[in-house]
Amino acid sequence: MAEILTLREAVQRFVNDGDTVALEGFTHLIPTAASHELIRQGKKDLTLVRMTPDLVYDLLIGAGCAKKLIFSWGGNPGVGSLHRLRDAVEKGWPQPLEIEEHSHADLANAYVAGASGLPFAVLRAYAGSDLPKVNPLIKSVTCPFTGEVLAAVPSVRPDVTVIHAQKADRKGNVLIQGILGVQKEAALAAKRAIVTVEEIVDDLKAPMNACVLPTWALAAVCLVPGGAHPSYAHGYSERDNRFYQDWDPIARSRESFTAWIDAFIRGTADFSEYKAKLAAQEAK
Amino acid sequence: MAEILTLREAVQRFVNDGDTVALEGFTHLIPTAASHELIRQGKKDLTLVRMTPDLVYDLLIGAGCAKKLIFSWGGNPGVGSLHRLRDAVEKGWPQPLEIEEHSHADLANAYVAGASGLPFAVLRAYAGSDLPKVNPLIKSVTCPFTGEVLAAVPSVRPDVTVIHAQKADRKGNVLIQGILGVQKEAALAAKRAIVTVEEIVDDLKAPMNACVLPTWALAAVCLVPGGAHPSYAHGYSERDNRFYQDWDPIARSRESFTAWIDAFIRGTADFSEYKAKLAAQEAK
Amino acid sequence: MTYSTNEMMTVAAARRLGNGSVCFVGIGLPSKAANLARLTHAPDVVLIYESGPIGAKPSVLPLSIGDGELAETADTVVPTGEIFRYWLQGGRIDVGFLGAAQVDKYGNINTTVIGDYHKPKVRLPGAGGAPEIAGSAKKVLIILKQSHRTFVDKLAFITSVGHGEGGDHRKRLGLPGAGPVAIITDLCIMEPEAGTHEFIVTALHPGVTREQVIENTGWQIRFADQLAVTEAPTETELVALRDLEARTAAAHGQLGGEE
Amino acid sequence: MTYSTNEMMTVAAARRLGNGSVCFVGIGLPSKAANLARLTHAPDVVLIYESGPIGAKPSVLPLSIGDGELAETADTVVPTGEIFRYWLQGGRIDVGFLGAAQVDKYGNINTTVIGDYHKPKVRLPGAGGAPEIAGSAKKVLIILKQSHRTFVDKLAFITSVGHGEGGDHRKRLGLPGAGPVAIITDLCIMEPEAGTHEFIVTALHPGVTREQVIENTGWQIRFADQLAVTEAPTETELVALRDLEARTAAAHGQLGGEE
């Protein structure tokens, strides 16, 4: 049974230094608030897994929480580079970052395999690509029936997955709608899953075949309205395109980045205080 | 793009003698009308695939359409044996039937692999079971990361899959709701998929993440209301428990079975005539 | 209240399901016992059926593994492939609740064939979901009526493994789950002996004698040193069970599947 | 009507999409061209985005690969894992429509790194969905602006394979799809030469000279014997494209992603 906790409590109780952590959400429902809370609590030496490490991981990497990144597409979508990611990879600031690089199909399959309790995933991938030359974890397996050689990749089994969803009921059952990405698989692949939600309701009113994560498959559910900003929560909020663009100059230099997280993340008690501070700044 | 056809046309055009055919539906939405039409058209030498070969395959086997059966649980659910299946296996009537036997988890994974364009599926299965001793197609594969030995089974790739669904729109997009079984995977694993539906509507009004099969993934859509009888179509009809029980004495002897299919299937032009005849008999 | 041996069996099986546990339910006797548990001491038991419903709360017993009421009362309904992949193989099932045509002293199950596989004396329905439930559920409960024909010394065919050849055989097979922890019959409860993993009788149902059990077991059944007597069904349990069966009969015109 | 070279590129790319074809769409230029096709000659083109929407019909260009309007206008939205497994690897994609940071003469794509992988001169975003789109789509279209920096003789890194080392190399790799069948740029259209599978110019856009193409290509580009001139964008095409961009700007306050 998921406990209904504050995000602070959930991160305190379920995320340890050194954990492998997946914050998933495919342009939709990105769990930004969780990233902030990991920074506030100064979590260290995390191995971060995410298909598309965008702002949510640029933050964690720049703040010094990460020692390794497992990913398949790293950029600020529609804007350009992730400056904190590049600085860590290229210059080792604030600490060296090991990277392990895959394709989307690989990681999506690896989450499916993780959710399925399998140690590896099989897919038709990478023939002719140089990625296996730089990632020794991309191996192969031969079909015992046809002899076809397919790619074999290790499943992803995070210690903790955090996702954001539209709503939970009071027992902690969670409903996700719209672009689903790999969130369900990431949650089920993890030892512990935390879900931040837009609202907690009496009745999910989920269609019969909707994407529902039952409470007993989750560790914690946290009420964090707007917790996916600057991405969106279908039916609740729009994507804040402007913020993606504004992020570029903030993250470009170590100084401006540090000043920003000191003010907006380390300088706020929680996500609602952060939102208020951000709104006040934008009103200027 | 699916063509909207009569079931007779669809079976004529898309099912050939000798094909591997999957009629799927897991106690819900069993495509019975398609089974009847295969018998009316005297299709021969079919390899039949189905997790739960119940009445729908007892019919086809007894009528002499099948040369091989691939399955994981064969019975008349809640009633007992499938007499036509047993007679074919044990006595070779009306012709010998080869059987290839799996578990549910195996066949469900094999459909998933088929839909995924993979030649085989990997699952943790069969350790300690005698099934691999009698089915040489259950092999093993070793995880290149952990060394764990897992079961490897061939994917199911039918020539034709037939399923029944609640509704299609006029373009041939199909919506399935309720117990989904393996129908989506069976349809996507096949070279050609035929869907019989309860109704054809202007707008599916499908929830955003519903189980929808797009028209361009299908060969044909056929309007056959009640086509899943005696199973049910959620929202349209109830399970006819009585018919499952009535089937037992019908199928028990070769004579009563033959008389029944001569009267009710070969003696009717299509499923609606069959339904009328059945209703007339029950009214007696 | 007086009660039948079948009622005793169902009640005794239901009691083994802890509240809040996640149970993969076979149709027939397991489904009846699991729903009785849900309607009595275990309101938060989570029932998963292989057809796809997760968290089903049917008011009447399903006649098939994919009845519409399972879907309507579930928290969600997922594809059958996902049930086996994410939920069973994913390690999320606390209890696999199985019926059987035959069991042996190590809790191995036969649902495939009696006699030679290629020339069967009796052809049974086959494996269904059982082999992987038996392999991957954290623990397994088996419920079936006891007789010489169902409790056999040597199975013609092992469809779903229990403790294999006994001892640490199951462990050596690399199976993730603990295997069968109890066989509940209309006469008694059997549990695996520590070390050998041979099933021995640990509790007799009220009024049942050792001789009855011995007569109805195909192997040389042994009894625990501390042999308990099962608590008779309480009025609450019996009323709940009979109401469930009455609702089922009224809804379906027949009893919930006992195949 | 006058038009820009970018408009010519988008229109020329859009024309390559047949009506009714099933297209796996990359964000940015491919998405713009694919939607232009849908709004002009190919109303029944099926657009699939890797985030999950199947049959998306957005009225404005998405800024991200997972915009809400893609979900709202789609026939259905499935998990990302399913997109790659059932729809792409399952062999159901007619056209993979890709952008690129760099291509070589065999249509191989680099989106990973310029310079050494471990000491990069420029670190690019990485593979995303491209390697498997390039491998499994029945055919691939590549759209990117042409320059010496983007059309290079030797890629530092092959992220997504085209025709490999040319000739029958792709076939020898066992890849199911036919690979890239055209590269559409702001200057010309290139197609693979029969046999060698080296990309050669088969059509120049109106007003573009051979010299311009040579200057902006990092390898010794060759021209087809029968060199065509691309038909200029029609008024219908230009109006549709500009309306789409205007709607996008009005909706998002910015143009559809061109990264």
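Chain letters run A, B, ... following the sequence lines, proteins first and then strands; every chain starts at 1.
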Using the side-chain contact (heavy atoms from CB on, under 4.5 Å) rule, take Lys133(A) and Tyr117(D) through it: C-alpha gap first, then chi angles, then the decisive distance, then the call. CA-CA 10 Å; Lys133(A) 297 180 186 167; Tyr117(D) 182 79; over 6 Å; no

Under 3.5 Å donor-acceptor, Asp130(A) side chain and Thr159(D) backbone: no

With a sphere of 6.0 Å drawn around CD of Glu148(A), does it hold more than 12 non-hydrogen atoms of other residues, nucleotides or ligands? yes

Gap separating the CD atom of Glu82(D) from the CG atom of Leu180(A), nearest 0.5 angstrom: 9.5 Å

Closest non-hydrogen contact found for Glu101(A) with Ala127(D) is OE2-N, 4.4 Å

Max heavy-atom pair count under 4.5 Å with chain A, selected residue of Gly81(D), Gly126(D), Gly128(D), Gly174(D): Gly128(D)

Correct closest heavy-atom pair for Tyr126(A) and Glu132(D) would be N-OE2, 3.5 Å

Considering only heavy atoms, which portion of Leu175(D) lies under 4.5 Å from any heavy atom of chain A: side chain, backbone, both, or neither? side chain

Could you walk me through whether Ser129(A) and Val161(D) pass the side-chain contact (heavy atoms from CB on, under 4.5 Å) test, one step at a time? CA-CA 6 Å; Ser129(A) 167; Val161(D) 76; 5.8 Å; no

Do Pro53(D) and Ile179(A) make a side-chain contact, defined as non-hydrogen atoms from C-beta onward lying under 4.5 Å apart? yes

What residue, out of Gly74(A), Gly75(A), Gly178(A), has the most heavy-atom pairs lying under 4.5 Å from chain D? Gly74(A)

Residue among Pro79(D), Pro120(D), Gly52(D), Gly135(D) with most heavy-atom pairs under 4.5 Å to chain A: Pro79(D)

Where on Pro131(D) is there a heavy atom nearer than 4.5 Å to chain A: the side chain, the backbone, both, or neither? side chain

Measuring heavy-atom distances to chain D, does Ile99(A) have an atom under 4.5 Å in its side chain, in its backbone, in both, or in neither? side chain

Supply the atom-to-atom distance Arg239(A) CZ to Leu63(D) CG, rounded to the nearest 0.5 angstrom. 5.5 Å

Tell me whether the count of non-hydrogen atoms from other residues, nucleotides or ligands lying under 6.0 Å of CZ in Arg149(D) goes above 12. no

Student check: side-chain heavy atoms of Thr80(D) and Met51(A) closer than 4.5 Å: yes

Are more than 12 heavy atoms from other residues, nucleotides or ligands located less than 6.0 Å from atom NZ of Lys57(D)? yes

More than 12 heavy atoms of other residues, nucleotides or ligands under 6.0 Å from NZ of Lys139(D): is that the case? no

Cut-off 4.5 Å, heavy atoms of chain A, and the answer for Gln89(D) is both

Between atom OG1 of Thr112(D) and atom CH2 of Trp73(A), what is the distance when rounded to the nearest 0.5 Å? 12.0 Å

Minimum-distance pair of heavy atoms, taken over all atoms of Thr27(A) and Asp67(D): OG1-N, 4.2 Å

Pairwise distance NZ(Lys121(D)) to CD(Glu90(A)) - rounded to 0.5 angstrom: 13.0 Å

Residue part contacting chain A, namely of Asn110(D), when any heavy atom lies under 4.5 Å: neither

With a 4.5 angstrom heavy-atom cut-off, is it the side chain or the backbone of Phe157(D) that approaches chain A, or both, or neither? both

Taking side chain as everything from C-beta outward and backbone as N, CA, C, O, which of these in Arg124(A) sits under 4.5 Å from a heavy atom of chain D? Side chain, backbone, both or neither. both

Check whether Tyr244(A) gets within reach of chain D through its side chain, its backbone, both or neither, counting any heavy atom under 4.5 Å. neither

Enter the distance from Tyr232(A):OH to Ser64(D):OG here, rounded to the nearest 0.5 Å. 6.0 Å

Check His234(A) against Ala71(D) and note the closest heavy-atom contact, atom names and distance. CE1-CB, 3.9 Å

Can you tell which of Ala127(A), Ala108(A), Ala105(A) has the highest number of heavy-atom pairs within less than 4.5 Å of chain D? Ala105(A)

Can Glu185(A) and Arg85(D) be counted as an ion pair, charged N to O under 4.0 angstrom? no

Nearest 0.5 Å, what's the CD1-NE2 distance between Ile83(D) and His104(A)? 12.0 Å

